[in-house]
Amino acid sequence: MNQELLRTPTQDGELSVVVSRELPEEDMQPLWEMIESGFAALNSRSYDKQSMAFDEFLHDVESPDVLKYVAYNQEKVPVGFLTVHAGLEGVDWVDKEMVMNEQAEVDPTAASYYIGTLVVTPDVRGTETAPSLVRAALRHFRDTNEETGQDSLCFFDCAKANHPWLARFVRGMARPTADFEGIPIKIKEIGTEYWAEDLTDEDLANTGHVIKKVRTLPDDSAHYNVVDEQHFYSIQVKKAA
Ligand SMILES: CC(C)(COP(=O)(O)OP(=O)(O)OC[C@H]1O[C@@H](n2cnc3c(N)ncnc32)[C@H](O)[C@@H]1OP(=O)(O)O)[C@@H](O)C(=O)NCCC(=O)NCCS
């Protein structure tokens, strides 16, 4: 499967977005460099690393269960990358119970997906690249729903540094414009995880300043210090009625 989803004129020529389950060999190096340079600023502002490690990148690249959406510029150089895990089996960085509870409540029969990465090269920030990538993926979800007769429920998470901006950005990209038909979606924030420093006397005496990942915070805010937050969302794309 290697399908062009979108082609659009830009100031510098043309941009296209292609989805595949297997990446062309020559894209690997530029995509890895994009992850490293594109996430550098966000990683420096987040407690937990927001980008994947090289072995995770290789796994995603090689896995047919991971959809790879690549935006190419006029010269066919990759300038944007979005990965989506089809099914939750390979998604090992999240609390699956929270995600599955949400699925049971919102749309138990929907096909589940999880966004792994969304990044563009720093030099194309603020251009049509990121909107085109997101719109192409939404179109692909809509078309897949039509083919399978099933709704899609796609999860993602983001660091505090991108909250609540990222969800608003995706919501905005789904709306119709002059050259985009618009895809009806529902985005819902489903949970938060905290990186919190335990400040109880007992903990400080026993273990020092330990930072732990927790789902709920103690009632008394004197007993902890929130170092960072990770926010979890679902995007529902329903099949046409
Ligand atoms: C996420 C990403 C792909 C979006 O692409 P982009 O080209 O920056 O998107 P846009 O420029 O269209 O952003 C839209 C607006 O949001 C703003 N914005 C971007 N990141 C923001 C943030 N973290 N917080 C608040 N606003 C932000 C932009 O300045 C822009 O504002 P403007 O329209 O008023 O100029 C890109 O910023 C990126 O690669 N970021 C690093 C990786 C990342 O954060 N990935 C998200 C998954 S955790």
Side-chain angles (χ1 to χ4, degrees), residues 5-6 8-12 15-19 27 30-54 56-57 60 66-73 77-85 91-95 99 113-140 154-180 182-183 185 187 189-195 213 227-235:
L5 299 168
L6 181 149
T8 185
T10 63
Q11 273 187 330
D12 328 308
L15 185 80
S16 62
V17 179
V18 173
V19 63
D27 287 354
L31 287 173
W32 175 246
E33 283 169 15
M34 185 192 303
I35 290 170
E36 291 213 293
S37 61
F39 275 97
L42 181 66
N43 280 337
S44 73
R45 291 192 291 149
S46 304
Y47 177 73
D48 199 24
K49 200 167 180 243
Q50 298 296 308
S51 55
M52 48 188 163
F54 188 64
E56 294 168 311
F57 170 71
D60 285 6
V66 179
L67 299 164
K68 275 90 52 181
Y69 299 84
V70 180
Y72 295 96
N73 68 11
V77 175
V79 286
F81 191 38
L82 168 67
T83 60
V84 178
H85 292 246
V91 180
D92 53 11
W93 66 94
V94 297
D95 177 353
V99 170
Y113 297 89
Y114 208 108
I115 295 179
T117 289
L118 167 64
V119 64
V120 299
T121 53
D123 59 319
V124 300
R125 291 250 177 105
T127 70
E128 262 309 295
T129 309
S132 298
L133 196 52
V134 173
R135 287 179 180 137
L138 291 174
R139 268 188 186 159
H140 189 232
C154 183
F155 298 93
F156 71 95
D157 57 274
C158 74
K160 191 179 174 192
N162 277 343
H163 177 267
W165 163 79
L166 190 60
R168 286 187 193 148
F169 172 73
V170 175
R171 192 176 285 126
M173 289 307 109
R175 295 200 183 106
T177 64
D179 42 17
F180 179 64
I183 311 285
I185 61 168
I187 300 193
E189 185 159 359
I190 60 170
T192 310
E193 276 176 358
Y194 303 91
W195 290 100
K213 189 168 28 170
V227 176
D228 206 350
E229 297 167 9
Q230 198 76 13
H231 296 264
F232 294 81
Y233 292 87
S234 65
I235 309 173

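Both counts, for ligands and for their atoms, begin at 1 and track the order of listing. Nothing here was measured: the structure is a model prediction, and the numbers come from that model.
In terms of protein heavy atoms, atom 37 (O) of ligand 1 is closest to Arg125 NE, 3.2 Å. In terms of protein heavy atoms, atom 30 (C) of ligand 1 is closest to Trp165 NE1, 4.9 Å. For atom 45 (N) of ligand 1, the nearest non-hydrogen atom of the protein is Leu118 O, 2.8 Å. Distance from atom 23 (N) of ligand 1 to its nearest protein heavy atom, with residue and atom name: Asn162 OD1, 2.8 Å. Val120 N, 3.0 Å is the protein heavy atom nearest to atom 39 (O) of ligand 1.
Thr117 places no side-chain N or O within 3.5 Å of a backbone atom of Thr83 that could act as its donor or acceptor partner. At distances below 3.5 Å, not a single donor-acceptor pair connects side-chain atoms of Arg135 with backbone N or O atoms of Ile183.
Only the backbone of Ala161 comes within 4.0 Å of ligand 1, counting heavy atoms alone; no side-chain atom from C-beta on gets that close. The side chain of Leu42, and not its backbone, has at least one atom closer than 4.0 Å to an atom of ligand 1 (non-hydrogen atoms only; side chain from C-beta on). Residue contacts with ligand 1, taken as heavy atom pairs separated by less than 4.0 Å, involve Phe169 solely via side-chain atoms from C-beta onward.
Of all atoms in ligand 1, numbered sequentially from 1 with element shown, those under 4.0 Å from a heavy atom of Phe39 are 42 (C), 43 (C), 45 (N). Close approach to Gly126 involves these atoms of ligand 1, each under 4.0 Å from a residue heavy atom: 6 (P), 7 (O), 11 (O).
Applying the salt bridge (charged side-chain N to carboxylate O under 4.0 Å, His left out) criterion to Asp48, with sequence neighbours excluded, gives no partner residue.
When only interatomic distances are considered, the shortest N/O to N/O separation between Ala130 and ligand 1 does not fall below 3.5 Å.
The aromatic rings of Phe57 and Trp32 are tilted relative to each other, their planes meeting at an angle between 30° and 60°.
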